[in-house]
Amino acid sequence: MRLSRYFLPVLRDTPKEAEIVSHQLMLRAGMIKQSAAGIYSWLPLGLKVLTKIGDIVREEQNRAGAVEVLMPTIQSADMWRESGRYEAYGKEMLRIVDRHDRDMLFGPTAEEVITAIFRDCVRSYKDLPKNLYNIQWKFRDEIRPRFGVMRGREFLMKDAYSFDLTADDARKAYQRMFVAYLRTFARMGLKSIPMKAGTGPIGGDLSHEFIILADTGESQVFCHKDLIDGAVPQAETDFDGDLSGIFKDWTSKYAATEDMHDAAKFEADVPADKRVSARGIEVGHIFYFGTKYSEPMGARVQGPDGKMVTVQMGSYGVGMSRLAGAIIEASHDASGIVWPVPVAPFEVGLINLKSGDKDTDAAALALYDKLRDAGIDVLYDDTDERAGGKFATMDLIGVPYQLIVGPKGVKSGEAEIKNRKTGEKQTLSLDAAITNVVEAVKRQRVLA
RNA sequence: CGGAGCGUAGCGCAGCCUGGUAGCGCACUUGCUUCGGGAGCAAGGGGUCGGAGGUUCAAAUCCUCUCGCUCCGACCA
């Protein structure tokens with residue numbers, strides 16, 4: 001993409017309403033624009049990040065055997081009356097009346113919709129297990145939205161729902177999502193820690209929150225230090241096999257959010273030097289809740305013995321729009337965002353130090369074409385902005401590698417590569433610079 | 001919803017107390033000079049001062065109401 005054709009409204013000053021660094025940087029980098037309290041438009045740069053987060057979520061959901069669907073944002077109140085949650089949910093649910101006076105609502109989650117789909121479409125135990133996921137905008141009319149996209153009212157969530165014949169199978173389904181989540185967050189450069197959690201209004205008796213440690217987190221969390229650098233399951237992990245070993249490794253050490261915290265047990269189980277008490281950002285939440293929805297809504301299949309069995313369910317959420325903010329909280333410096341390559345909106349920023357100079361333009365354009373041919377997502381700053389401003393913009397929006405060409409470099413046949421994260425600079429021949437930066441990007445695209 | 005603030009140009013702010021018809025920095029436009037880490041000079045464009053009502057000869061400024069936004073608490077991906 002050529003910057004001259006792109007839409008990147010960056011700000012030099014920090015808008016005063018932004019309190020935390022991710023919100024400030026998202027506004028300054030032109031990723032989002034507030035539309036109302038807790039409601040944002042995603043500008044091109046922000047949308048690219050959201051899309052890359054979505055790509056990773058999809059890959060890992062698919063790997064774990066889940067299948068994507070797309071459910072509506074607007075739901076009928078009738079389904080919620082069936083499950084018994086219409087009255088129970090409270091004011092977070094945005095209730096809407098249509099022109100025929102029918103009660104509708106903007107979905108805060110989709111257990112009811114998916115359970116109705118399953119009930120109407122699946123008859124036999126032979127169709128199980130199933131896991132269907134949905135990436136769709138949700139709306140929860142929070143009392144107090146804050147922190148930009150970290151607690152918006154409208155937010156993009158991946159929600160998956162598992163259906164199994166037995167409680168034992170359902171626990172396996174839970175473990176598949178558990179492992180998928182460990183991989184998903186790790187691929188975004190995050191160290192997530194699964195923590196025992198309360199189930200809230202979703203209900204159920206087995207639940208984990210996936211937490212990213214950050215000072216600006218909204219939850220107080222307690223865990224064993226070793227969990228911070230726990231081993232992330234490899235891509236080759238057999239999701240059809242036994243995952244209970246991985247699950248046990250990650251859940252046998254103490255980790256709990258505030259509402260599930262047991263101070264006595266924490267002190268008994270964790271040596272003093274391994275006790276971590278910190279703030280955390282919840283980026284995922286998984287639940288096993290059995291027949292909480294399938295029972296009232298009549299989601300049953302015929303078992304091997306011919307008898308009707310109410311299916312066992314679980315649900316699995318990832319706060320995708322929140323993740324964009326969470327990644328920034330975890331990865332930024334004084335100059336701006338430092339994107340991990342897999343979620344970077346652009347992988348390489350090509351800086352032309354003297355746009356308008358014939359030779360430099362030609363050299364930069366040649367590099368631009370080569371990078372694109374190599375499959376690199378590149379932002380070419382071809383504007384007549386001064387060099388300092390170009391560097392500042394690239395630093396702010398967090399492009400992982402900057403490839404810099406100017407008249408001097410063109411004369412000597414060289415270009416400079418700057419690593420955004422380490423600040424390291426390297427001057428190489430034009431060809432070597434391309435090769436080098438392409439390899440560096442490709443190496444970091446996927447989790448080893 | 002309880003408590004605390006803030007709404008003046010795209011962003012950051014001053015002006016309000018003590019009414020006299022709107023200003024600064026950045027950004028933007030044009031020209032010239034500059035140009036390897038946020039340039040300089042000059043000339044410009046852009047604002048129903050959140051909205052409504054009131055007081056007054058006169059309101060960004062005083063009064064009333066209202067809307068929006070932010071922060072602290074309870075709620076949550």
Side-chain angles (χ1 to χ4, degrees), chain A residues 9-20 23-24 27-28 30 33-39 57 89-93 107-110 135-160 181 185 197-202 207-212 217-219 257-259 280-287 315-326 335-336 351-357 360 384-396 402 404-412 414-416 418 423 425 427:
Chain A
V10 298
L11 301 173
R12 197 183 285 208
D13 297 312
T14 301
K16 66 165 184 247
E17 72 270 16
E19 195 72 7
I20 63 170
H23 190 194
Q24 293 172 350
L27 291 169
R28 286 191 54 211
K33 181 93 174 77
Q34 183 165 14
S35 178
I39 300 176
V57 168
Y89 209 91
K91 290 194 142 186
E92 280 71 41
M93 184 154 73
T109 175
I135 293 176
Q136 179 62 287
W137 292 91
K138 307 293 191 294
F139 193 93
R140 293 184 190 172
D141 199 359
E142 300 286 346
I143 295 167
R144 192 155 85 80
R146 67 188 120 171
F147 301 150
V149 300
M150 300 278 278
R151 174 163 300 285
R153 290 193 292 170
E154 188 178 58
F155 59 97
L156 189 63
M157 179 167 86
K158 185 284 300 183
D159 42 325
Y181 276 29
F185 301 127
T199 53
I202 307 273
S207 177
H208 286 88
E209 284 183 22
F210 285 74
I211 300 281
I212 305 303
E218 288 190 89
S219 326
T257 57
E258 195 166 23
D259 50 338
I281 300 168
E282 180 186 1
V283 290
H285 200 159
I286 61 179
F287 304 87
S315 76
Y316 314 89
V318 171
M320 293 183 29
S321 44
R322 172 181 287 183
L323 269 169
S335 308
I351 292 180
N352 181 337
L353 289 173
K354 195 165 185 179
S355 298
D357 176 85
T360 314
D384 57 7
E385 171 81 30
R386 303 170 71 79
K390 291 185 177 186
F391 288 119
T393 298
M394 289 294 180
D395 283 350
L396 174 63
Q402 292 168 18
I404 301 149
V405 276
K408 288 181 197 165
V410 170
K411 262 188 198 153
S412 59
E414 289 173 326
E416 186 178 298
K418 184 185 142 188
K425 295 175 191 170
T427 301

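Note: hydrogens, waters and symmetry copies are ignored here, and every other heavy atom, side chains too, is used. Every chain is numbered from 1, with letters handed out A, B, ... down the list of sequences.
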NA contact type, A:G30, heavy-atom cut-off 4.0 Å: base, sugar-phosphate, or nothing? nothing

Please give me the minimum heavy-atom distance between A:L156 and A:S321, naming the atom from each residue. N-OG, 2.8 Å

Counting only pairs under 3.5 Å, give me each side-chain donor-acceptor contact of residues 142-150 of chain A, with atom names and distances, residues two or more places apart or in other chains.
residue	atom	partner	partner atom	Å
A:E142	OE1	A:R151	NH1	3.4
A:E142	OE2	A:R151	NH1	3.2

Report the base-pairing partner of B:A74 (Watson-Crick or G-U wobble, both distances below 3.5 angstrom), or none. none

Distances under 3.5 Å between nitrogen or oxygen atoms of protein and nucleotides 26-29 of chain B:
none

Along RNA chain B (nearest heavy atom to each residue), the more 5'-positioned of A:P15 and A:A18: A:P15

Rounded distance in Å - CG (A:L353) to C1' (B:A39): 15 Å

Answer with base, sugar-phosphate or nothing: what part of the nucleic acid does A:P407 contact at a heavy-atom distance below 4.0 Å? base

For B:U70, does either OP1 or OP2 sit under 4.0 Å from a side-chain N or O belonging to A:Q34? yes

So, A:Q136 versus A:D159: side-chain donor-acceptor pair below 3.5 Å or not? no

So what does A:F147 touch, heavy atoms closer than 4.0 Å: a base, only the sugar-phosphate, or nothing? sugar-phosphate

Give A:A392 one of three labels, base, sugar-phosphate or nothing, depending on what nucleic acid heavy atoms sit under 4.0 Å from its own. base

d(CZ, A:R144; C1', B:A77) in whole Å: 18 Å

Return a single string for nucleotides 41-47 of chain B, one symbol per nucleotide in 5' to 3' order, where B is base contact, S is sugar-phosphate-only contact and - is none, cutoff 4.0 angstrom on heavy atoms. -------

If I pick the P atom on B:G23 and the same atom on B:U18, what distance separates them, to the nearest angstrom? 24 Å

Report the base-pairing partner of B:U56 (Watson-Crick or G-U wobble, both distances below 3.5 angstrom), or none. none

Over how many whole Å does the gap from A:E258 atom CD to B:C75 atom C1' extend? 14 Å

Spacing of A:K354 atom NZ relative to B:A39 atom C1', expressed in whole Å: 14 Å

Please determine, for B:A42, whether a Watson-Crick or G-U wobble partner exists with both distances under 3.5 Å, and give it or none. B:U30

For a quick test of reading the model: is some side-chain N or O of A:R386 closer than 4.0 Å to OP1 or OP2 of B:G40? no

Among A:R28, A:H23, A:Q34, A:Q24, find the one that has a side chain to side chain contact (heavy atoms under 4.5 Å, CB included) with A:P15. A:R28

Can you tell me if A:Y181 uses its side chain to pair, donor with acceptor, with the backbone of A:Y316 under 3.5 Å? yes

Any-strand Watson-Crick or G-U partner of B:G19, both distances under 3.5 Å: none

Quick one: closest heavy-atom pair of A:Q402 and A:I351, and the distance? OE1-CD1, 4.0 Å

Would you please confirm or rule out a distance under 4.0 Å between OP1 or OP2 of B:C75 and any side-chain N or O of A:R140? no

Suppose you measure atom C1' in B:U8 against the same atom in B:A4; what distance do you get, rounded to whole Å? 22 Å

Whether A:H285 and A:F287 hold their rings parallel, tilted or perpendicular, with breakpoints at 30° and 60°: parallel

Does the ring of A:F155 lie flat against the base of B:A77, closer than 5.5 Å centre to centre with planes under 30°? yes

Watson-Crick or G-U counterpart of B:C69, or none if no pair lies under 3.5 Å: B:G5

Nearest whole Å is fine: how far is B:A77 P from A:E92 CD? 11 Å

Which base sits across from B:G12 as a Watson-Crick or G-U pair, both distances under 3.5 Å? B:C24

Protein-nucleotide distance (A:E17, atom CD; B:G12, atom C1'), rounded to Å: 11 Å

Closest nucleotide of RNA chain B for A:F391 versus for A:K16: which of these residues is on the 5' side? A:K16

If you take all heavy atoms of A:P108 and A:Y89, which pair is closest and at what distance? CB-OH, 3.7 Å

Does A:T14 reach a base, just sugar-phosphate, or nothing at all? Heavy atoms under 4.0 Å. sugar-phosphate

